[in-house]
Amino acid sequence: MTLAPDTTLADRLLPWYVAHARDLPWRHADVTGWGVLVSEIMLQQTPVARVEPIWHEWMARWPRPSDLAAAPTAEVLRAWGKLGYPRRALRLQAAAAVVAAEHDDVVPSDVETLLALPGIGAYTARAVAAFAYGRRCPVVDTNVRRVVARAVHGRAEAGDASARDLPETEALLPLDDAAAARTSAALMELGATVCVARGPRCADCPVHDLCAWQHAGRPARDGPVKKAQRWAGTDRQVRGRLLDVLRGAPGPVEAPALESAWLTDPAQRARCLDSLLVDGLVEQLADGRFALPGEPVDTQATHDPSS
DNA sequence: TAAGCGTGGAA
DNA sequence: TTTCCAAGCTT
């Protein structure tokens, strides 16, 4: 059969999304803006499978922004667990405090107000506006940039993010708000499950015949080689080790407990501990011990430097 | 603007 | 084993 000349990506994506979208808990109709915001922060650079159980715990424990705002930060960081990038948890708690104090405990629905909250950038603000409140606004993440790079530009991979991403993606959205929001979700879902970075499943793609990359014969990427990210021995690894000690401890710990977490390079350990203090992820008590922020201090005489 | 920031699963 | 990658934000 021949293709109608005015068939759009959205025409194909919407029915595909209805039939194939994953049943993710934060997509359920009864989830509040708060639930969507928590999911979006947790999902930054973090796979869905690891987020799901933690998101459920957070929603049960802190169902409103004011609940999280009132929690001891030490408990927030423990509940964050090993999701990674724990500064996200700090900023999420700070954002919750602003929402509770200035927005009547309701997550804002407009992009500008969302952007003013700590830890919320161009992607997350639009994701909340679209997915929680059905706004028509382009939602551009790594998945969407890859889908657009392939389907629209015929390139194997997206380049660096640019100011053109937003208007370019908006041009793909239907005029109707609800349909546009759903199209944004569908673009992301396609990139996450079909039009993936490695081994795209083009045979299952609903826009296969509209895809510029297909028409071009699926050319390989061209451009400069991207430098691999190292891990072993980095400050990130050391910070992770230090924080893991504090998360696992019931309360404040002595300095040697942290020193044993990284014996390779004492100077590096000291530098990383200092950076954690600066970031507000760790506190030092008056008696010299270290703790997660807001950790209740034991009043028992379990620690007496004079003895 | 580019670098820094966690973690772990899959290729 | 190593490398790549996953719904980014901040400075």
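The model shown is predicted, which means the values in this text are computed figures rather than measured ones. Excluded from the calculations below are hydrogen atoms, water molecules and symmetry mates; all remaining heavy atoms, backbone and side chain alike, are included. Here is the naming used below: chain letters follow the sequence lines, and residue numbers restart at 1 for every chain.
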For this session: Using a cut-off of strictly less than 4.0 Å, decide whether A/Lys82 has a side-chain nitrogen or oxygen near OP1 or OP2 of B/dG8.
Result: yes
Exercise. If you measure from the C1' atom in C/dA6 to the same atom in B/dG6, how many Å do you get, rounded?
Worked result: 12 Å
Problem set entry | side chain to side chain donor-acceptor pair (under 3.5 Å) evaluation trace for A/Ser109 with A/Arg135 | CA-CA 8 Å; A/Ser109 59; A/Arg135 296 292 185 89; 3.1 Å; yes
Exercise. Starting at the 5' end of DNA chain C, which residue's closest nucleotide do you reach first, A/Pro118 or A/Arg50?
Worked result: A/Arg50
For this session: Would you mind classifying the nucleic acid contact of A/Leu276 as base, sugar-phosphate or nothing, using non-hydrogen atoms under 4.0 angstrom?
Result: nothing
Seminar exercise, completed: Here the distance between atom P of B/dG6 and atom CE of A/Met42, to the nearest Å, is 16 Å
For this session: Working to the nearest 0.5 Å, report the span between CZ of A/Arg145 and OG of A/Ser162.
Result: 8.5 Å
Exercise. Which nucleotide, C/dA6, B/dG8, C/dT10, lies nearest any side-chain atom of A/Arg91?
Worked result: C/dT10
Exercise. For A/Leu243, which contact category applies under a 4.0 Å heavy-atom criterion: base, sugar-phosphate, or nothing?
Worked result: nothing
Exercise. When the distance from CZ of A/Arg241 to P of B/dC5 is rounded to whole Å, what number comes out?
Worked result: 16 Å
Problem set entry | Atom-pair distance (CZ on A/Arg88; C1' on B/dG6), nearest Å | 8 Å
Exercise. Does a side-chain N or O from A/Gln45 land closer than 4.0 Å to OP1 or OP2 of C/dG8, or not?
Worked result: yes
Seminar exercise, completed: Which of C/dC5, C/dA7, B/dG6 is nearest the side chain of A/Asp141? It is C/dA7
Exercise. Just checking A/Ala127: base, sugar-phosphate only, or nothing, at a heavy-atom cut-off of under 4.0 Å?
Worked result: nothing
Problem set entry | From CA spacing to verdict: side chain to side chain donor-acceptor pair (under 3.5 Å), A/Arg88, A/Thr46 | CA-CA 11 Å; A/Arg88 290 183 291 168; A/Thr46 309; 3.0 Å; yes
For this session: Would you classify A/Thr234 as touching base, sugar-phosphate or nothing, given that sugar-phosphate means primed atoms plus P, OP1 and OP2, and contacts are heavy atoms under 4.0 Å?
Result: nothing
Problem set entry | Interatomic distance at C1', C/dG8 relative to B/dT1, whole Å | 16 Å
Seminar exercise, completed: The answer to which of A/Asp160 and A/Arg247 contacts DNA chain B further toward the 5' end, by nearest nucleotide, is A/Asp160
Exercise. Under 6.0 Å from the CZ atom of A/Arg22, do we count more than 12 heavy atoms belonging to anything else shown?
Worked result: yes
Exercise. Contact class for A/Trp80 vs. all strands (heavy atom < 4.0 Å): base, sugar-phosphate, or nothing?
Worked result: nothing
For this session: Mark yes or no for a side-chain to base donor-acceptor pair under 3.5 Å between A/Thr46 and B/dG6, with no hydrogen or angle criteria applied.
Result: yes
Exercise. Can you tell me how far OH of A/Tyr133 sits from OG1 of A/Thr32, rounded to the nearest 0.5 angstrom?
Worked result: 7.0 Å
Problem set entry | Separation of atom CG in A/Leu115 from atom P in C/dG8, rounded to whole Å | 16 Å
For this session: Name the nucleic acid region contacted by A/Ala161, choosing base, sugar-phosphate or nothing; use a 4.0 angstrom heavy-atom cut-off, strictly under.
Result: nothing
For this session: Measure from the side chain of A/Asn143, starting at C-beta and using heavy atoms only, and say which of C/dA7, B/dG4, B/dT7 lies closest.
Result: C/dA7
For this session: Please list all pairs passing the salt bridge (Lys or Arg N to Asp or Glu O under 4.0 Å) test where one or both residues lie in residues 152-169 of chain A, with sequence neighbours left out.
Result: A/Glu157-A/Arg221, A/Glu157-A/Lys226
For this session: Would you mind reading off the distance between A/Arg221 atom CZ and C/dC4 atom P, rounded to a whole angstrom?
Result: 10 Å
For this session: State whether A/Thr124 places a side-chain N or O below 4.0 Å from either non-bridging phosphate oxygen (OP1 or OP2) of C/dC9.
Result: yes
For this session: Side chain of A/Gln44 only, please: which of C/dC9, C/dA7, C/dC5 is the nearest?
Result: C/dC9
Exercise. Using atom P of each nucleotide, how far apart are C/dA7 and B/dA11 to the nearest Å?
Worked result: 15 Å
Seminar exercise, completed: To the nearest angstrom, the CD1-P distance between A/Ile54 and C/dA6 comes to 21 Å
Problem set entry | Upstream residue (5' side of DNA chain C) when A/Arg198 and A/Leu43 are each assigned their closest nucleotide | A/Arg198
Exercise. Side-chain contact, heavy-atom cut-off 4.5 Å: A/Asp235 with A/Ser275?
Worked result: no
For this session: Starting at atom CG of A/Asp235, determine the distance to atom C1' of B/dT7, rounded to an integer number of angstrom.
Result: 16 Å
Exercise. Any side-chain N or O of A/Arg87 less than 4.0 Å from the OP1 or OP2 oxygen of C/dT11?
Worked result: no
Seminar exercise, completed: Side-chain atoms of A/Arg22 come closest, of C/dG8, C/dA7, C/dC5, to C/dA7
For this session: Starting from P on C/dT10, measure out to CG on A/Leu117 and report it in whole angstrom.
Result: 10 Å
Exercise. Across the strands shown, which category fits A/Ala49 at heavy-atom distances under 4.0 angstrom: base, sugar-phosphate, nothing?
Worked result: nothing
